S.K.: 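Take this structure first; my questions come after.
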Amino acid sequence: MMKDKNLILVCGPTAIGKTDIAINLARVLDTEIISADSRQFYREMNIGTAKPSPEQLAAVKHHLVGHLSIHNTYNVSRFEQDSLAILEGLFKTHDHAILCGGSGLYIDAVCSGIDDLPDADEALRARMNKQLQEEGITSLQAELKALDPEYYASVDPENPKRLMRAIEVCRLSGRKYSGLRKSKNKKRDFNIIRIGLNTDREILFERISRRNEQMIAEGLVEEARELYDQRELNALNTVGYKEIFQHFDGIWSLPLALEKIKTNTRRYAKRQLTWFKKDPSIQWFEPKDFDKILQFIKNKN
RNA sequence: GGUACCAUAGCUCAGUAGGUAGAGCAACGGACUGAAAAUCCGUGUGUCCUUGGUUCGAUUCCGAGUGGUACCA
């Protein structure tokens, strides 16, 4: 057991200032950072994902930043395994580790674990996407209802991705999705201290606006142009890139695309907050209150 | 300066043959177990520009004012 080992989670909405807090904590606590950001994984995407700068990356060791290509397939389960492997190594020589990011599902996978389920199957998904397109969502609803009526009763029937994943699990496992979902928290052998960062909505939106403008100034359009040919890849179904692609397609002017990026980033931030607010074990702080955060962590030890 | 048109939600606008109003977007709230920066669900938040008049009753009709737009000077 490693009861003296502590994972410090730094989470919150996009543009709140997680990176700075995490780096300062890592310096003070003499440790390293694992990124829990599902788009900073990709080495081809830099400006649009607000990746830590080369200076920041040099100042503190970051894990799982730019470790993938947009052509790789990756998923939450692999993220869970990768993170736990890194933590195991880190805790041999450190008492603290930092998990920093805004991808709620990925964070939960590390902190609480996820069930043992089959991975995505591309051929099956291609079939289901075709089915959705040609026969409509009622076709998927009927299929899932037949395969797993229990799950169908609780799932959002209008959400094609939820429907397709459940069908996929049933087909690949030969069992019901509802039966495979244990929803049991896996016990971790380290403590987890959860820090949430947030501030007034108005200020957050202002930060988002400024950051998006900064991205354009730093060359987001050029970065997106390099990736335009790969725009069908899932990794590029990402705020900041998809709007610029619309601009390249002649649908939106650049100023309009920027406005759309801001709007979609605000909505993303809202979804993140909805996710994190649900977790009562998160202790919330203003991003300016670094000293309070540090004090809170020290009191926990 | 004159004439015409316009003024309704944060924005763009619809509407009420006179009975205090509704769409899209934004915003707000929520869901979420291998696509998650994804995907999906729910909610109208309003001195109907101001002011007189007609009327049982005016956001709606009439007059005046203010602001805006266009054209003419």
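Worth saying up front: this structure is predicted, and the values here are computed from it rather than measured. Letters A, B, ... are given to chains in the order of the sequence lines, protein chains preceding strands, and every chain is numbered from 1.
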S.K.: What interatomic distance, in whole Å, is found between C1' of C28(B) and the corresponding atom of G34(B)?
M.R.: 32 Å
S.K.: Can you find a side chain N or O atom of Arg271(A) that sits less than 4.0 Å from OP1 or OP2 on A38(B)?
M.R.: yes
S.K.: Between U33(B) atom P and Gln81(A) atom CD, what is the distance in whole Å?
M.R.: 19 Å
S.K.: Show me the dot-bracket string of RNA chain B, counting Watson-Crick or G-U pairs under 3.5 Å, with | for pairs to another strand and [ ] for crossing ones.
M.R.: (((((((..((((.....[..)))).(((((.......))))).....(((((..]....)))))))))))).
S.K.: Partners of Glu206(A) by side-chain contact (heavy atoms from CB on, under 4.5 Å), sequence neighbours excluded?
M.R.: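 With sequence neighbours excluded, Glu206(A) shows a side-chain contact (heavy atoms from CB on, under 4.5 Å) to Arg210(A), given in chain and number order.
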S.K.: Give a yes or no on this: more than 12 heavy atoms of other residues, nucleotides or ligands lie within 6.0 Å of atom NZ of Lys242(A).
M.R.: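 Yes, NZ of Lys242(A) has more than 12 neighbouring heavy atoms, counting only those of other groups under 6.0 Å.
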S.K.: RNA chain B: Thr14(A) or Glu158(A), which has the more 5' nearest nucleotide?
M.R.: Thr14(A)
S.K.: Which atom pair, heavy atoms only, marks the closest approach of Ile261(A) to Val239(A)?
M.R.: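 Where Ile261(A) meets Val239(A) most closely, the heavy atoms are O-CG1, 3.9 Å.
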S.K.: Rounded to whole Å, please give me the gap between CZ in Arg171(A) and P in G34(B).
M.R.: 18 Å
S.K.: Please list, for nucleotides 25-28 of chain B, all pairs of protein and nucleotide N/O atoms separated by less than 3.5 Å.
M.R.:
from, atom 1, to, atom 2, distance (Å)
A26(B), OP1, Arg267(A), NH1, 3.2
A26(B), OP2, Arg267(A), NH1, 3.4
A27(B), OP1, Arg266(A), NE, 2.5
A27(B), OP1, Arg266(A), NH2, 3.3
C28(B), OP1, Arg201(A), NH1, 2.8

S.K.: When rounded to the nearest Å, what value does the distance between P atoms of U12(B) and A26(B) take?
M.R.: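 Roughly 15 Å separates the two P atoms.
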S.K.: Provide, to the nearest angstrom, the distance between the CG atom belonging to Asp279(A) and the C1' atom belonging to A31(B).
M.R.: 16 Å
S.K.: Tell me what Ser103(A) touches on the nucleic acid: a base, only sugar-phosphate, or nothing, going by heavy atoms under 4.0 Å.
M.R.: sugar-phosphate
S.K.: Classify the angle between the aromatic ring planes of His67(A) and Phe41(A) as parallel (below 30°), tilted (30 to 60°) or perpendicular (above 60°).
M.R.: perpendicular
S.K.: Starting from C1' on A35(B), measure out to CD1 on Ile70(A) and report it in whole angstrom.
M.R.: 15 Å
S.K.: Using a 90° cut-off around 0 for syn, call G34(B) syn or anti.
M.R.: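 Here the answer is syn: the torsion falls within 90° of 0.
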S.K.: Which nucleotide wins on minimum distance to the side chain of Ile114(A), given the candidates U39(B), G34(B), A36(B)?
M.R.: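 Among U39(B), G34(B), A36(B), the one nearest the side chain of Ile114(A) is G34(B).
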S.K.: Give me the distance, rounded to whole Å, that separates G18(B) from U55(B) when you measure between the P atoms they each carry.
M.R.: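 After rounding to an integer number of Å, I get 16 Å for this pair.
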S.K.: Looking at Asn299(A), I want to see if its CG is surrounded by more than 12 non-hydrogen atoms of other residues, nucleotides or ligands under 6.0 Å.
M.R.: yes
S.K.: To the nearest Å, how far apart are Asn75(A) CG and G34(B) C1'?
M.R.: 4 Å
S.K.: Mind checking what makes side-chain contact (heavy atoms from CB on, under 4.5 Å) contact with Ser281(A), not counting sequence neighbours?
M.R.: Arg194(A), Asp279(A)
S.K.: State whether the number of non-hydrogen atoms from other residues, nucleotides or ligands found under 6.0 Å of Lys186(A) atom NZ is greater than 12.
M.R.: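 Enclosed: over 12 neighbouring heavy atoms sit under 6.0 Å from NZ of Lys186(A).
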S.K.: Can you tell me, in whole Å, how much space there is between the C1' of U45(B) and that of G24(B)?
M.R.: 16 Å
S.K.: Using whole Å, report how far CZ of Arg78(A) lies from P of A35(B).
M.R.: 12 Å
S.K.: Hey, is the side chain of Arg165(A) poking within less than 4.0 Å of OP1 or OP2 on U39(B), counting only N and O atoms?
M.R.: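 No, no such contact exists.
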S.K.: Could you tell me how far C11(B) sits from A35(B) if I compare only their P atoms? Round to whole Å.
M.R.: 42 Å
S.K.: Looking at C40(B), C32(B), A35(B), which one has an atom nearest to any side-chain atom of Asn159(A)?
M.R.: C40(B)
S.K.: Rounding to the closest angstrom, what is the interatomic distance between A7(B) and G63(B) at atom P?
M.R.: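 Between the two P atoms, the distance is 16 Å.
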S.K.: Can you confirm if the NZ or CZ of Arg175(A) lies within 45° of the ring axis of Tyr177(A) and under 6.0 Å from the centre of its six-membered ring?
M.R.: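 Cation-pi check for Arg175(A) and Tyr177(A): fails.
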S.K.: I want to check one thing: is the phosphate of A36(B), taken as OP1 and OP2, less than 4.0 Å away from some side-chain N or O of Asn237(A)?
M.R.: no
S.K.: Does Lys278(A) have any salt bridge (Lys or Arg N to Asp or Glu O under 4.0 Å) partners at least two apart in sequence or in another chain, and if so, which?
M.R.: none
S.K.: Answer with yes or no whether Arg125(A) presents, from its side chain, a donor or acceptor under 3.5 Å of a partner atom in the base of A35(B).
M.R.: yes
S.K.: How would you list, by chain and number, every residue that makes a side-chain contact (heavy atoms from CB on, under 4.5 Å) with Gln283(A), sequence neighbours excluded?
M.R.: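 side-chain contact (heavy atoms from CB on, under 4.5 Å) list for Gln283(A), sorted by chain: Phe285(A), Phe296(A).
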S.K.: Distance between the C1' atoms of G68(B) and U50(B), in whole angstroms?
M.R.: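 Those two atoms are separated by 15 Å.
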S.K.: In terms of side-chain heavy atoms of Asn129(A), which of G34(B), A35(B), A38(B) is nearest?
M.R.: A35(B)
S.K.: Minimum heavy-atom separation for Gln272(A) to Gly102(A), with atom names?
M.R.: NE2-O, 3.0 Å
S.K.: Write down the distance between NE2 (His71(A)) and P (A35(B)), rounded to a whole number of angstrom.
M.R.: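 These atoms are roughly 19 Å apart.
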S.K.: May I ask you to establish whether Arg231(A) and Phe245(A) are in a cation-pi arrangement, using a distance under 6.0 Å from NZ or CZ to the six-membered ring centre and at most 45° from the ring axis?
M.R.: no
S.K.: The side chain of Tyr151(A) is closest to which nucleotide in this list: U33(B), A36(B), G30(B)?
M.R.: U33(B)
S.K.: Hey, does the side chain of Arg162(A) come within less than 4.0 Å of C32(B)'s phosphate (OP1/OP2), counting only N and O?
M.R.: no
S.K.: Would you say a side-chain N or O of Tyr106(A) is under 4.0 Å from OP1 or OP2 of A36(B)?
M.R.: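 Checking A36(B) against Tyr106(A), a side-chain N or O does come within under 4.0 Å of OP1 or OP2.
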S.K.: For the side chain of Leu117(A), starting at C-beta, report the closest nucleotide among G34(B), U39(B), A31(B).
M.R.: G34(B)
S.K.: If the P atom of A9(B) is compared with that of A4(B), how far apart are they to the nearest Å?
M.R.: 26 Å
S.K.: Counting any heavy atom closer than 4.0 Å, what does Gly48(A) reach on the DNA or RNA strands: base, sugar-phosphate only, or nothing?
M.R.: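 Base, at least one base heavy atom under 4.0 Å.
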S.K.: Counting only side-chain N and O atoms of Tyr177(A), is one of them less than 4.0 Å from OP1 or OP2 of G34(B)?
M.R.: yes
S.K.: Provide, to the nearest angstrom, the distance between the CZ atom belonging to Arg181(A) and the P atom belonging to U33(B).
M.R.: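 To the nearest whole Å, that distance equals 5 Å.
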